[in-house]
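Residue numbering restarts at 1 for every chain, and letters A, B, ... go by the order of the sequence lines. Computed from a predicted model, the values in this text were never measured in an experiment.
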Amino acid sequence: MTDHPRPAKTGSPFIIYRFTEMSSERRKPYPFDTIEPKWQQHWASHGSNRTLNPGDLGFDASRPKYFVLDMFPYPSGSGLHVGHPEGYTATDIVTRFKRMNGFNVLHPMGWDAFGLPAEQHAIKTGEHPRFNTQRNIANFRRQLQSLGFAYDWEREINTTDPGYVRWTQWIFLQLYHSYFDDATQRARPIAELEARGLSRDEVDAQRLAFVDEAPVNWSPDLGTVLANEEVEEWREKGHTVERRLLRQWKLRITKYAERLMADLDGLDWPESIKISQRNWIGRSEGARVTFFVEVPPRGSTSNEGKPGSKMGPRIEVFTTRPDTLFGATYMVLAPEHPLVDGIASAGQREAIAAYRAACAAKSDLERTELAKEKTGVDTGALAINPANSERIPIWIADYVLMGYGTGAIMAVPGHDARDWEFATKLGLPIQRVVSEEPPATSGDAPCHLPPLEAFEGNGFAVNSGFLDGLRTPEAKKAITSWLIERGWGHGTINYKLRDWLFSRQRYWGEPFPIIWDESSGHHSAIPATELPLLAPELEDYKPTGDPRGPLAKAKDWIRYSDHARRETNTMPQWAGSCWYYLRFCDPRNEERFVSEEAEKYWMGGGKPGGVDLYVGGTEHAVLHLLYARFWHKVLFDLGHLSTPEPFQRLVNQGLILGENGQKMSKSIGNVVNPDDVVREFGADSLRLFEMFMGPLTDTKPWSTAGVQGVHRFLARVWRLVLEANEAGEWTLVPTLAEVEPAPALRKAEHAAIKKVTGDIEGLAFNTAISAMMVLSNALTAASPRPVGVLRTLLVLLSPFAPHLAEELWAELAARFAGMTGLASEQVWPAYEEQFLIEDEIEIAIQIAGKLRDKIVIKKDLPSEEVQKLALAAPKIAEALAGKVPRKVIVVPNKIVNVVP
RNA sequence: GCCGCCAUGGCGAAAUGGCAGACGCAGCAGACUUAAAAUCUGCUUCUCAGAAAUGGGAGUACCGGUUCGAGUCCGGUUGGCGGCACCA
């Protein structure tokens, strides 16, 4: 079929779209299917979205910069879903708006292309994952380009490109070659430690990228480690998952806990995301306390020793409530705690071994899921409570986690719900040491009874020797000083944040640029000149069940030299996304991961700096957004970056639900494919609808009728300029004229400019669109139709529906004088307050807060006169019946409230 | 359990403490049409009275408070959504 509407080559001063009567396809309300590809091509071939760097020919340094970033997608096989264009359209509108306001705008797009789905495809087909990834990227790019986004495609990046992998590995080496200096709280070159004469092992123990033996969820048949969240899912599918101690690479993010926490304050981020990050980092203030294990163990009689004298091993605990030390009636060690074997009494060893075995078999998830049932085993050892010298039993229980604090606790069942539960179940003593009420002067009975449940709040110390009577905060200070004096403890801060497990047993990821010396067992970095280090081609990508991962199969590749072999683990997918925003600033640089000049310009050099606007979903609240901040800070410390934070302003777009209000999913069958929407209604309609649905940050359901609604609006705008003649051609509307608009229309024009401008700045796109609808409705009624107002509408509309705006602008430019360039290149209009001012305004009159009447008065009339007129208004006079009101509130130009 | 967010017509939603429901969807009526679609115009929170014009009352989950005035601010309750979850 050739009868799709298309531009006719005629001598006409403006373009004609012909469509035939015989077309079997229903006539489109406007020819979006012709004009959209046409303008996309035009923008591409004219470099309309090209963004220059400082130093480039034609770069205008006088313009301010603006960096608008989308969270780049993983190019999955199923293509774009309608959630992607939501954020992308929002940033596109801001980009176009800022450009029209004279900014140099950096608005790039790329691909977070390492990932498990491509690897699984490779396992299934034997084809290298690169090919499937390339196909998916091509599809994503096609889909994004069909939506007319103003990305600078010259800056497209792909995390799997050798030219990108090289710098990801280079950044890893920066971490590897650094340590964290506690004194200055900064990363420093590891060479400083070497210069101080530290041994090889001492240096390795301080690297920001280091090797650690860690218990992980290992699945032999999948041949990989799994995240805690994944364990359940794979078990259900019949795979085995076990806890296994494996040698893993980790990144020392914990050293940055304090800065990652503190620097959140200066960021313009949603409060909920900041809270998530704070919770994840989990800062808590408290104290370290040393307990001494009593030797000889329980049963022996002679024990005159005091804590502090040379006794058995010490157990360090962390507590946020040192003020409750007198109430510590037992201790608990994590089952994996290294001290357990040394202190356990002979009679308990068997029970301990059995308990430990049972715990080891549980995943972290199971361990927390079964949290309700507390279990544990007595070690048979006793510790001495330093506060009151009482002997208290030492237990092991899996409600104490090896990974937090010191892996040991002092149990205060009177004032901790978990300890209470454990003590109650196992019949351990419970002591009250905090009272809600100020202690009675006589210091009598009630305080001495154990409480009926754990009281975790603040109060007054009781049964606590020298602390008695002190409020909780004071008691904390007093006991901490007391511990410091005796060398039994000190105040400290603990974080929940763990070091970042950075290695994966996968093929499709960045190999570590690390080799191992076979004789010494030491690791070292390969020289930066050998980067990128790419994974070798494999015969097949199936897992081997070997915890070294699929790369272990490449025997030649592994062999680095006579005595050294390569690390075979790969980096997680996060690695590439940790720094992609930096690469966008200077994506083709082969000398540096980003040039200093480009980084300074786009990342803002001074003050807050960073990405000016970052839009994406909430799913990355703590992972990507925390990891990227961490890498950024390390690179900043090492002098490679000019700002301490990457993303100054963050906005989360809301989820788009299916038409039935449920989350879109294939199984429910409510997934909307953007390609279908573009085919039926056009890219401009899809863009406009996604912005019109509601506030950007809200969760909101899809509505096909709603798409039709905005589509109709765009068609109405089209018909403001063009109308179909009898031959079925679009011709210019005859009433279009260069005339002064009537005052009401002029006012509507300037009101729209004001509203749309403010709403784009506030990311309130839904109300911006409604303002344009109002202006368009006003224009529909105007005859003659003033071209000036139409031009304004098209310029305002251009960031939202760029194709339509461009086309109609060209139509008008061909017919009317003084219109040059593209709609998208126009200077953003300014509104003039004078056109918004009205001489007469209607004000409401209330009696006791209830609307009773309205009057039209001159604007800015003095309050006394407004009051006089208001009281004289028919309904008001009638209601008052001559009585004098007690009070009259006049809000100038708005409302009058009469209090009778 | 803890933390956070939210609650407005039949639906998506608007409303610097100042006329609740802009704009859109759906619906109804009219115009155009042989007819339908499309398009244009008007109506459209609920309720009571009225033939109508119009007029009265109620109304932003619920209860209370602050205020001349509350969808908006404060306290509590209920319901929904999201995140964290034995972190000592």
What nucleic acid atoms does [X] come within less than 4.0 Å of, heavy atoms only: base, sugar-phosphate, or nothing?
X	result
A:Val899	sugar-phosphate
A:Ser703	nothing
A:Asn766	sugar-phosphate
A:Glu842	base
A:Gly709	sugar-phosphate
A:Arg498	base
A:Ser284	sugar-phosphate

How long is the line joining [atom1] of [X] and [atom2] of [N], in whole Å?
X	N	atom1	atom2	answer
A:Glu336	B:C86	CD	C1'	14 Å
A:Arg716	B:C23	CZ	P	11 Å
A:Asp419	B:A88	CG	C1'	7 Å
A:Glu619	B:G83	CD	P	11 Å
A:Met693	B:A14	CE	P	12 Å
A:Lys894	B:U16	NZ	P	10 Å
A:Phe689	B:C11	CZ	C1'	12 Å
A:Leu775	B:A22	CG	P	19 Å

Who pairs with [N] - Watson-Crick or G-U, where each distance is under 3.5 Å:
N	value
B:C43	B:G27
B:U54	B:A49
B:A37	none
B:U60	none
B:U8	none
B:C32	none
B:C84	B:G1

Euclidean distance for [atom1], [N] against [M] (whole angstrom):
N	M	atom1	answer
B:C74	B:A20	P	22 Å
B:C19	B:G71	P	10 Å
B:C23	B:C5	P	32 Å
B:C63	B:C68	C1'	24 Å
B:U60	B:C73	P	15 Å
B:G10	B:U78	C1'	24 Å
B:A13	B:A85	P	30 Å
B:A37	B:C28	P	11 Å

State whether the distance check finds a donor on one side and an acceptor on the other, under 3.5 Å, for side chain A:Lys887 versus base B:C68.
no
Any donor-acceptor pair under 3.5 Å joining the side chain of A:Lys374 to the base of B:C86?
yes
The single option from A:Trp702, A:Phe681, A:Phe800 that satisfies ring pair (Phe, Tyr, Trp, His ring centres under 6.0 Å) with A:Phe689 is A:Trp702
Looking at the side chain of [X], which of [options] is the nearest nucleotide?
X	options	value
A:Tyr404	B:G57, B:A88, B:G18	B:A88
A:Ser770	B:G4, B:G18, B:A22	B:A22
A:Met773	B:A88, B:G24, B:G18	B:G24
A:Ala844	B:C19, B:C25, B:G18	B:C19
A:Lys496	B:C25, B:G24, B:C84	B:C84
A:Thr767	B:A15, B:G4, B:A88	B:A15
A:Arg719	B:U39, B:C86, B:C19	B:U39
A:Asn279	B:C19, B:G18, B:C3	B:C3

Measure from the side-chain N and O atoms of A:Asn385 to the backbone N and O of A:Ala328, and report whether any donor-acceptor pair falls under 3.5 Å.
yes
I'd like to know if the side chain of A:Ser783 and the backbone of A:Arg785 have a donor-acceptor N/O pair within less than 3.5 Å.
no
A:Tyr399 six-ring centre to A:Lys374 NZ/CZ under 6.0 Å and within 45° of normal:
yes
So, OP1 or OP2 of [N]: does either fall under 4.0 Å of a side-chain N or O from [X]?
X	N	result
A:Asn777	B:C23	no
A:Lys850	B:A58	yes
A:Arg712	B:A26	yes

Could you tell me whether B:G9 is syn or anti, where syn means a glycosidic angle within 90 degrees of zero?
syn
For the residue pair [X] and [Y], confirm or rule out a side-chain donor-acceptor distance under 3.5 Å.
X	Y	result
A:Glu659	A:Thr704	yes
A:Asp759	A:Thr767	yes
A:Glu258	A:Tyr495	yes
A:Ser284	A:Asn494	no

Where each residue is assigned the nucleotide of RNA chain B containing its nearest heavy atom, which of A:Ile769 and A:Lys875 is assigned the position nearer the 5′ end?
A:Ile769
Hey, which of these two, A:Thr780 or A:Ile275, hits RNA chain B nearer its 5' end, going by closest nucleotide?
A:Ile275
Going from CG on A:Asp419 to CD1 on A:Ile409, what distance comes out if it is rounded to the nearest 0.5 angstrom?
4.5 Å
